[in-house]
Amino acid sequence: MVVPKDHAPSLTDLGAGGEDLLAEVIRVVRTVAAQVEQQHGACSVMTNLGLYQESKHQHWHVVHRGEPRTEVP
């Protein structure tokens, strides 16, 4: 999970960090996603908004779902 150090409520409400914070977060997400993709051959990057947002700060999930390379669609 990637969480900005400065509080940003969500992707649609960047708070005081604004576009600069979002750009920095996306750079980190891209780096982590590239590492996961290199290691596993696939990666999902997700964030939640509104009622789906279980914690009220912007955060991104960078995950490999666990399927073997031969089963990744």
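Relative orientation of the His57 and His59 rings is tilted, given thresholds of 30° and 60° on the angle between their planes.
Applying the under-4.5 Å side-chain rule to Ile, Leu, Val, Met, Phe, Trp and Tyr, the cluster around Met46 extends to Val63.
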Please tabulate, for the side chains in residues 7-21, all donor-acceptor contacts under 3.5 angstrom to protein atoms that are two or more places apart in sequence or on a different chain.
unit_1, atom_1, unit_2, atom_2, d
Ser10, OG, Thr12, N, 3.2
Ser10, OG, Thr12, OG1, 3.1
Ser10, OG, Asp13, N, 3.2
Asp13, OD1, Gly15, N, 3.2

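The list of side chain to side chain donor-acceptor pair (under 3.5 Å) pairs with a residue in residues 21-50, not counting sequence neighbours, reads Asn48-Glu54.
Partners of His64 by side chain to side chain donor-acceptor pair (under 3.5 Å), not counting sequence neighbours: none found. Annotation: side-chain contact (heavy atoms from CB on, under 4.5 Å) contacts of Val28 (sequence neighbours excluded): Val2, Val32.
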